[in-house]
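See below for the structure under consideration.
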2 protein chains.
Amino acid sequence: MKAKIDALNWKILKSLQENARESFANIGRKVGLTAPAVGERVKKMEDIGIISGYKAVVSHSHTGYQLKAIITLRAFMGKLKPFLEAVHSFEEVVNCYRITGNENIIMMVVLKDQFHLEKFIDKLIQYGETRTHIVLSDVVSNAPIRKSDS
Amino acid sequence: MKAKIDALNWKILKSLQENARESFANIGRKVGLTAPAVGERVKKMEDIGIISGYKAVVSHSHTGYQLKAIITLRAFMGKLKPFLEAVHSFEEVVNCYRITGNENIIMMVVLKDQFHLEKFIDKLIQYGETRTHIVLSDVVSNAPIRKSDS
DNA sequence: CATGAAACTCGCTTTCA
DNA sequence: TGAAAGCGAGTTTCATG
């Protein structure tokens, strides 16, 4: 689980979180290593699981999903498991977490418009009680993990 | 805002969302294009804003943040703006949204342990009333944007 | 298509335990 | 002395005009 990450690896992680397509040669120039050395360190971090992948960030608004919402769900008796299985097939759901508290599920969803939202909520109603919050603006979006100043 | 994305571009987006470091040549083989053709399409999607970046996904648990929480904030009078400025400097905050409803802010935070959580909540108390939900498990994590079946 | 750059492999060297 | 890490050269693959 725990892994010692030295200062050089933190610099590499910073760079890859800012631009995952940056070349190892360029990263090497910034951190003071040769390209193969960077490649080796990156591969090791992938193997250990520190780096779990590389994703292109696709704009929701540019792909037709203008509306974002946070929806909490308080699942009915016996309906939590069916929901957990079904949620993977809901294309609207970007993030979904099981949480403690009165509601057991919280999810971030993207939608085309208010009609789409209405239809989506209707789809959820069989699983439990929902509460919906419209997202007015993104303040912080997937901030990079930085070196913990412990 | 809205941009026509054809089937080929959706395939390219799918590939880049699965692995942002995949070479254009490889993507080309999968979708039936040459490398330069893929490069051109990708560049255009970057210019338009459909692709807004490429990020390495770094594991929270492997970097010392074992605890995840969702915290809502109901800001005190006059404290919302100061919070919105300060939140960018909070390394614990991965996502933060302004939302409608009784609470005006919701954020996803990563923490080292329960003591870290306690300290973080103390830091928030000056801005408003908080409500904390511990994340028990990730059900869906940054799901890729797929073609809307409209 | 052609050229320059980048990624991978390998063998050599240094360091530190 | 053995393991780990970086470097440099050579080859293959890739990006871009």
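Quick note on labels: first sequence line is chain A, next is B, and so on, each numbered from 1.
- Both A:Asp6 and B:Ala37 lie near DNA chain D, and the one whose nearest nucleotide falls closer to the 5' end is A:Asp6.
- At least one donor-acceptor pair closer than 3.5 Å links the side chain of A:Asn104 to the backbone N or O of A:Ala75.
- Here the side chains of B:Ile50 and B:Asn9 are not in contact, with every heavy-atom distance at 4.5 Å or above.
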**Message:** For A:Lys44 and A:Glu40: C-alpha separation, side-chain torsions, deciding distance, then whether salt bridge (Lys or Arg N to Asp or Glu O under 4.0 Å) applies.
**Reply:** CA-CA 6 Å; A:Lys44 197 162 290 178; A:Glu40 220 172 292; 5.2 Å; no
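- Using a 4.0 Å heavy-atom cutoff across all strands shown, A:Lys43 reaches no nucleic acid atom at all.
- Using a 4.0 Å cut-off between a side-chain N of Lys or Arg and a carboxylate O of Asp or Glu, A:Lys81 and A:Glu85 do not qualify as a salt bridge.
- One atom, CG of A:Asp47, and another, P of D:dA4, lie 14 Å apart when rounded to the nearest Å.
- When all heavy atoms of B:Ser59 and A:Gly49 are compared, the closest pair comes out as CB-O, 3.2 Å.
- The distance from atom CD of A:Glu40 to atom P of C:dG11 is 14 Å, rounded to the nearest whole Å.
- In this structure, A:Ala35 and B:Pro36 both approach DNA chain C, and ranking their closest nucleotides by distance from the 5' end singles out B:Pro36.
- Residue B:Arg21 places its CZ atom among more than 12 non-hydrogen atoms of other residues, nucleotides or ligands, all under 6.0 Å distant.
- In this structure, B:Lys44 places its NZ atom 15 Å from P of D:dT16, rounding to the nearest Å.
- Remark: B:Ser23, B:Phe24, B:Ala25, B:Arg29 in residues 10-30 of chain B come within less than 4.0 Å of DNA chain D through at least one heavy atom.
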